[in-house]
Student: 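Okay, handing you the structure first.
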Amino acid sequence: MKLKNRKMLLGVSGGIACYKSLEIVRGIREAGGSVSVVMTRSAMEFVKPLVFQTLSENPVATSLFSLEEESKIGHIKLSENADAMLVAPATANIIAKMAHGIADDYLTTAYLACSAPVFVAPAMNHHMWDHPALQDNLALLVKRNLHIIHPGSGYLACGSYGTGRMAEPGEIVTVLEDYFDRITTGEQAEKPLNNIRVLVTAGPTRERIDAVRFLSNDSSGKMGYALAEKCRQLGADVILISGPTALSPPVDIETIQVKSALEMYSAVMANSEQAQVIIKAAAVSDFRVETPNPQKTKKSERMTLELVKNPDILKTLGDRKTSNQFLVGFAAESQNVLYYAEQKLKEKNLDLIVANNILQKDAGFDVDTNRVLLIDGDGSIDLPLLSKEVVAGRILDHIMATDKFRSIMATKLKNAPSA
Ligand code: CTP
């Protein structure tokens, strides 16, 4: 009953697919929703309003100028009461009117008065569907956040073959169900990382050699970005500190872009105190050129670079860690993975280290998959080859199952201001 108590306003415009809209009414009602139907004059040429009225058990609105209808239904009231409006079938004509704000009948007027989400299931001949005028009008509706339920391909009522056949009623009802499912989940869910501030670092750093050259590594930033996104989905307040990557900044996540290890160090230190979970997925350059040449260095037979050590950001965080912080490091190893990772876990005072062998082709830097070991005080877990998104989920599941994280969460909740 995914549409339980949801009120749908179904606009039916004049196409042969009108008969399929009867099935949509049935589907919505079976899913627990109620339906009020508005029909255009041409829709009534295909199906009589009485059929929709019988199936929906609600009066059907057809004319703006019928005093009787207006007193019983009221087009503004219909729109105001709706949790969503669906126009199915939506002809090229109704799509054009909706795109341009023409309100010359009940359906188009109800649409303009509707502030609920609107779904549109087009149905028409394939030449009409392909016409730039129709596509431009659809693009306008998409720009205004309407949900287009795309027509399928096949034999059309006009006898030709192509795209334009209205999506099947079951499919349309599923789109509505999924939409309200997401809303309900979003409304109800207490998310596991609510009230938790997470700092994630991602990507490589760039250490300048001169005006045009730098030292860096192959990190794509994908693992760190996947972790930041996962934390956001789990309800955390996330700050992402990213080295230079080709990835687009994630939506809804505060992102600080840095280039060098020193810049990353400053940004992390300025934001780490407020964070309860810190995940250092960045591949920080261990060395930098102390004084990069501000000019382009001219070519010579040999060039020697003298490098100095960068501060170890993770170690500094480990040294300053409070009992209310959970610190996660990464270990990029090319040999003796478990041994070196365990050493880093201890030396940097971490709660968890995620280790990978960077010599494996399908894991580590610059690929979409990863194969990692999760190592903490309790031992190690060998994860299989997984997408970086799934690995991010597994890392967070692991963190959230630890006693330390539970105790941080408990302290957070105890200190949270009561509502
Ligand atoms: N790290 C850091 N600052 C550095 C170097 C590394 O914060 N200057 C962090 C990385 O973000 C990662 C972890 O330390 O979470 C381990 O990085 P890695 O490159 O595997 O190891 P290093 O500590 O640099 O040691 P080595 O290069 O000798 O393996």
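Quantities reported herein were computed from a predicted structural model and do not represent experimental measurements. Every number for a ligand or one of its atoms is a count from 1 in the order of the listing. What you see below is based on every heavy atom in this structure, not just the backbone, and it leaves out hydrogens, waters and symmetry mates.
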Student: Can you see which heavy atom on Val238 is nearest to which on Cys231, and at what distance?
Tutor: CG2-CB, 3.7 Å
Student: Which of the numbered atoms in ligand 1 are below 4.0 angstrom from a heavy atom of Ala282?
Tutor: 10 (C), 11 (O)
Student: Under 4.0 Å between a Lys/Arg side-chain N and an Asp/Glu carboxylate O for Lys230 and Glu389?
Tutor: no
Student: Any heavy atom of Ala261 sitting closer than 4.0 Å to ligand 1?
Tutor: no
Student: Under 30°, 30 to 60°, or over 60°: which ring-plane class applies to His150 and Trp129, parallel, tilted or perpendicular?
Tutor: perpendicular
Student: What are the two closest heavy atoms between Ile278 and Ala275, and how far apart are they?
Tutor: CG1-CB, 3.9 Å
Student: How far is atom 17 (O) of ligand 1 from its nearest protein heavy atom, and which residue and atom is that?
Tutor: Phe330 O, 3.6 Å
Student: Less than 4.0 Å from atom 19 (O) of ligand 1, is there any heavy atom belonging to the protein?
Tutor: no
Student: Flag yes if more than 12 heavy atoms outside Lys259 fall under 6.0 Å of its NZ atom; otherwise flag no.
Tutor: no
Student: Can you sort out which atoms of ligand 1 are near Pro311, meaning under 4.0 Å from one of its heavy atoms?
Tutor: 3 (N), 4 (C), 8 (N)
Student: Can you tell which part of Asp312 has a heavy atom less than 4.0 Å from ligand 1: side chain, backbone, both or neither?
Tutor: both
Student: Could you tell me whether Gly329 and ligand 1 have an N or O pair separated by under 3.5 Å?
Tutor: no
Student: Name the closest protein heavy atom to atom 15 (O) of ligand 1, giving the residue it belongs to and the distance to 0.1 Å.
Tutor: Lys280 O, 2.7 Å
Student: Can you confirm whether something in the protein, heavy atoms only, sits under 4.0 Å from atom 25 (O) of ligand 1?
Tutor: yes
Student: Check the surroundings of atom CG in Asp319: do more than 12 heavy atoms from other residues, nucleotides or ligands lie under 6.0 Å from it?
Tutor: yes
Student: Within 45° of the axis and under 6.0 Å from the centre of the six-membered ring of Phe180, does NZ or CZ of Arg6 qualify?
Tutor: no
Student: So which heavy atom on His147 is nearest to which on Pro117, and how close?
Tutor: NE2-CB, 4.2 Å
Student: Can you tell me if Met264 has a non-hydrogen atom under 4.0 Å from ligand 1?
Tutor: no
Student: Could you list which atoms of ligand 1 come closer than 4.0 Å to a heavy atom of Ala332?
Tutor: 20 (O)
Student: Quick one: look at Lys348 and ligand 1, take heavy-atom pairs under 4.0 Å, and tell me if it's side chain, backbone, both or neither.
Tutor: side chain
Student: Can you tell me which residue and heavy atom of the protein come closest to atom 27 (O) of ligand 1, and the distance to 0.1 Å?
Tutor: Asp286 OD2, 3.0 Å
Student: Of the protein's non-hydrogen atoms, which lies at the shortest distance from atom 3 (N) of ligand 1, and what is that distance?
Tutor: Ile313 N, 3.1 Å
Student: Return the closest protein heavy atom for atom 29 (O) of ligand 1 as residue, atom name and distance.
Tutor: Lys344 NZ, 2.9 Å
Student: Considering only heavy atoms of Leu314, which atoms of ligand 1 have at least one such atom less than 4.0 Å away?
Tutor: 2 (C), 7 (O), 9 (C), 13 (C), 14 (O), 15 (O)
Student: Kindly determine whether Glu23 and Arg26 satisfy salt bridge (Lys or Arg N to Asp or Glu O under 4.0 Å), including the steps that lead there.
Tutor: CA-CA 5 Å; Glu23 275 305 308; Arg26 207 197 296 273; 3.3 Å; yes
Student: Carefully, step by step, assess Asp237 and Arg197 under the rule salt bridge (Lys or Arg N to Asp or Glu O under 4.0 Å).
Tutor: CA-CA 5 Å; Asp237 170 19; Arg197 175 113 170 134; 3.2 Å; yes
Student: Which ligand 1 atoms are under 4.0 Å away from a heavy-atom of Ala331?
Tutor: 20 (O)
Student: Select one of side chain, backbone, both or neither to describe which atoms of Ala281 lie under 4.0 Å from any atom of ligand 1, heavy atoms only.
Tutor: neither
Student: Within the side chain of Asn356, is there an N or O that forms a donor-acceptor pair under 3.5 Å with the backbone of Ile358?
Tutor: no
